[in-house]
Amino acid sequence: MYVSRLDVIENKDKVVSLYKNEKRKTFLIKNKTVEKWVLHNNKKYIEEKKKEFKWLLDNINGYNLDDKQREIVLSEEDSTLVLAGAGSGKTLTILGRILYLVNKGISPTDILCISFTNAACQNLKRRLEKMGILMDVFTFHRLGVTILKDNGLGFKVETGKMLSKVVENYVENDKLVDILPDFEFVDVGDGDFDFLHREIILKTSEVNNLKLLLITFINLFKGNGGGLEDFDNFLEINKKEKDTFKRYKQERLLSLLRQIYESYTYLLHKNKSIDFNDMLAEAIKVVRQKGIFNYKYIIVDEFQDSSLVKCELLQEIKKVTGAKLLVVGDDFQSIYRFTGANLEVFLNFSKLFPYSKIFKLENTYRNSQELLDIMGKFILKNKKQMVKKLKSPIKNNTPIYIYYYDKSYLEVWDMVIKDIDGEVLVIGRNNRDIKNLTVKNGEVMTAHKSKGLEADNVIILNLEDGVLGFPNKIVSDDLLKFVIDLDDSFPYEEERRLFYVAMTRTKNNNYLLVNKNKPSVFVQELLKENKNIVIRHEAHKCPMCQGKLVKRTGKYGEFYGCTNYPKCNFTQKCQ
């Protein structure tokens with residue numbers, strides 16, 4: 001019998017009763033070594049189950065689960081977090097878990113399975129059907145709506161368009177030049193202000209990003225259970241800001257956000273509708289008051305994209321049903337803050353679900369070890385990220401190639417395509433990066449949409465230092481500190497995770513197209529700290545000191561060196 005950590009805390013007598021030897025029982029209790037015995041007992045249980053279900057675990061949709069995946073599938077902890085690296089087979093682990101539960105006698109209807117997008121749900125359902133399991137897979141949205149409908153409550157749920165419209169209306173009718181970040185177009189002297197606002201400000205991508213920032217704030221605010229009275233607290237906190245301009249800017253934005261929140265709330269009431277966060281809050285009340293179907297197991301994919309209100313719904317369902325919870329996710333790939341995702345929920349799983357256990361899936365089967373080493377060092381610069389040491393059997397000494405261009409990536413495009421063998425995924429930071437771009441042997445999409453996909457090779461565009469470059473600078477606005485914990489945040493933390501997602505889509509190489517005049521800070525960091533990155537197209541400027549790079553010959557062959565040597569010792573391989 002498996003003994004969960006919750007069992008140990010809540011019922012030690014029952015746990016000890018499993019031990020047959022009376023003298024040993026007394027010794028265990030007296031010397032407080034129950035926990036050690038539980039570890040031994042559970043290890044023995046897992047090993048027995050591995051043998052009993054070897055026939056199943058050796059073939060999950062044609063794949064053989066590794067040892068850690070088997071341990072997760074067979075575990076009976078009350079609450080479990082699976083920390084899954086990119087390409088580590090997390091979906092396969094979920095499929096294995098469900099298949100095991102069904103084969104040990106659990107009905108598919110007793111398993112509540114949740115993923116974050118309709119496409120992910122359908123994909124999971126199809127793969128389960130291939131294994132002969134017919135069961136539903138919910139998004140949080142559909143789960144909430146189902147709970148309400150099953151209890152006779154019908155609400156019109158807004159899709160998000162209403163909030164976007166309210167934000168757009170306020171931005172277009174409020175002269176925001178004085179509170180926008182330090183964009184070059186803002187400093188125009190004593191020109192015609194109305195003309196500036198109408199003809200320049202409202203037509204810039206920067207303002208579109210400001211709209212996104214405001215929407216992100218409201219989604220996080222509501223997802224964390226915020227109310228109108230909180231804005232007074234925010235304004236009081238803002239008074240302590242020592243930077244005069246920042247204090248003024250944030251006061252203006254907070255006042256604007258308050259008006260947006262009030263207008264949005266009024267429109268929802270007027271239309272007799274609720275938004276996604278309100279709907280989940282209502283679903284929580286229903287579960288608390290009336291209960292829910294008596295699920296025995298809950299499985300949640302992509303848990304790093306959860307909000308606080310989603311977590312509270314899980315807590316309430318678990319409390320009412322007593323179901324065992326298993327969530328899977330990767331904090332390295334949390335990239336949906338603009339939808340209300342709060343990474344703190346993932347990082348604080350053990351506090352939100354006490355007596356839980358954390359497993360790590362660190363064996364990966366997509367990226368080379370060399371790329372994992374480079375990107376692991378890159379992502380773990382942010383000390384809040386949970387440490388994973390990813391391992392891969394794949395070797396590739398030079399997984400990253402850089403092509404510098406002067407004005408447009410089209411200058412090197414033909415050269416890049418000629419160098420690539422196999423399918424390619426082209427990734428841009430923004431929609432404008434990939435507008436009207438097509439490739440014969442692959443797909444083109446933004447970094448956000450690339451999550452969960454893989455390709456033989458990856459090309460990443462728009463790697464330049466700028467407001468709308470990669471990293472995109474406006475999305476890191478510290479206004480969000482009022483709704484999420486930014487006290488210990490790392491510069492461009494979510495952009496860093498988004499770049500990590502883009503870079504780990506490849507099964508072979510990444511091809512980075514970089515503006516030589518203003519290279520991305522991410523590219524500069526990679527070059528500074530890693531020597532196995534190859535420059536395929538010569539840059540005339542050193543990314544470290546902006547000196548000139550020239551081709552030289554050394555002990556190990558040709559390389560690029562900076563003309564400012566020895567003051568700047570930057571070097572890079574060339575081919």
A.B. asks: So, taking the atom named CD in Glu495 and the one named CZ in Arg429, what distance separates them when rounded to the nearest 0.5 Å?
C.D. replies: 4.0 Å

A.B. asks: Is the shortest side-chain heavy-atom distance between Arg496 and Phe522 below 4.5 Å?
C.D. replies: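 Heavy-atom side-chain distance check passes, below 4.5 Å.
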
A.B. asks: Evaluate the side-chain proximity of Leu425 to Ser450: yes if any heavy-atom separation is below 4.5 Å, no if none is.
C.D. replies: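 Yes. Closest side-chain heavy atoms under 4.5 Å.
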
A.B. asks: Does atom NZ of Lys531 have more than 12 heavy-atom neighbours from other groups under 6.0 Å away?
C.D. replies: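 It does: Lys531 NZ has more than 12 such atoms within range.
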
A.B. asks: Tell me, which pairs form a ring pair (Phe, Tyr, Trp, His ring centres under 6.0 Å) where one or both residues lie in residues 410-464, sequence neighbours left out?
C.D. replies: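 Only Tyr336-His448, Phe338-His448, Tyr409-Trp413 qualify under ring pair (Phe, Tyr, Trp, His ring centres under 6.0 Å).
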
A.B. asks: Counting only heavy atoms not in Asp421, do more than 12 fall under 6.0 Å of its CG?
C.D. replies: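 Open.
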
A.B. asks: Could you tell me whether the side chain of Lys310 reaches within less than 4.5 Å of the side chain of Asp305, counting heavy atoms only?
C.D. replies: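 Sidechains of Lys310 and Asp305: no contact.
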
A.B. asks: Step through the shown structure and confirm whether more than 12 heavy atoms of other residues, nucleotides or ligands are within 6.0 Å of CG on Asn348.
C.D. replies: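 Atom CG in Asn348 is crowded, with more than 12 foreign heavy atoms closer than 6.0 Å.
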
A.B. asks: Centroid separation under 6.0 Å, is that true for the rings of Phe499 and Phe470?
C.D. replies: yes

A.B. asks: Does a sphere of radius 6.0 Å around NZ in Lys449 hold more than 12 heavy atoms from other residues, nucleotides or ligands, not counting ones at 6.0 Å or beyond?
C.D. replies: no

A.B. asks: Check whether more than 12 heavy atoms from other residues, nucleotides or ligands sit under 6.0 Å from atom CD of Gln369, and answer yes or no.
C.D. replies: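 More than 12 heavy atoms, drawn from other residues, nucleotides or ligands, come within 6.0 Å of this atom.
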
A.B. asks: Compare all side-chain heavy atoms of Met503 with those of Leu526 and state whether any distance is below 4.5 angstrom.
C.D. replies: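 Yes, their side chains come closer than 4.5 Å.
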
A.B. asks: Does atom NZ of Lys391 have more than 12 heavy-atom neighbours, drawn from other residues, nucleotides or ligands, at distances under 6.0 Å?
C.D. replies: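 Yes, NZ of Lys391 has more than 12 neighbouring heavy atoms, counting only those of other groups under 6.0 Å.
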
A.B. asks: Looking at Arg337 and Glu494, does any basic side-chain N land under 4.0 Å from a carboxylate oxygen?
C.D. replies: yes

A.B. asks: Would a 4.5 Å heavy-atom cut-off, applied to side chains only, mark Asn363 and Ser88 as touching?
C.D. replies: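 No, their side chains stay 4.5 Å or more apart.
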
A.B. asks: If I take atom CG from residue Leu213 and atom CG from residue Leu253, how far apart are they, to the nearest 0.5 angstrom?
C.D. replies: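 Reported value, rounded in 0.5 Å steps: 7.0 Å.
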
A.B. asks: Are side-chain heavy atoms of Tyr401 and Asp419 found at a separation under 4.5 Å?
C.D. replies: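 They are not in contact (no side-chain heavy atoms under 4.5 Å apart), so the answer is no.
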
A.B. asks: Measuring only between side-chain heavy atoms, which start at C-beta, is Thr139 closer than 4.5 Å to Phe116?
C.D. replies: no

A.B. asks: Quick one about Tyr264 and Asp275 (side-chain donor to acceptor, distance below 3.5 Å, no hydrogens or angles considered), yes or no?
C.D. replies: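 Result is yes, a qualifying pair exists.
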
A.B. asks: Crowded around Phe570 CZ? As in, over 12 foreign heavy atoms under 6.0 Å?
C.D. replies: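 Above 12, so yes.
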
A.B. asks: Is the Phe231 to Phe234 ring centre distance short of 6.0 Å?
C.D. replies: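 When the ring centroids of Phe231 and Phe234 are compared, they turn out to be within the sub-6.0 Å range.
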
A.B. asks: Any salt bridge between Glu529 and Lys381, counting N to O under 4.0 Å?
C.D. replies: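 Yes.
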
A.B. asks: Check this for me, if you would: do Lys516 and Glu411 make a salt bridge, where the nitrogen-to-carboxylate-oxygen distance has to be below 4.0 angstrom?
C.D. replies: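 Result for this pair is no, no salt bridge flagged.
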
A.B. asks: Are Glu302 and Lys90 packed together at the side-chain level, in the sense that at least one heavy-atom pair is separated by less than 4.5 angstrom?
C.D. replies: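 Touching, per the 4.5 Å side-chain cut-off.
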
A.B. asks: Do Ser263 and Tyr170 get their side chains close enough for a donor-acceptor pair, meaning under 3.5 Å?
C.D. replies: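 On atom types as modelled, these side chains qualify, holding a pair under 3.5 Å.
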
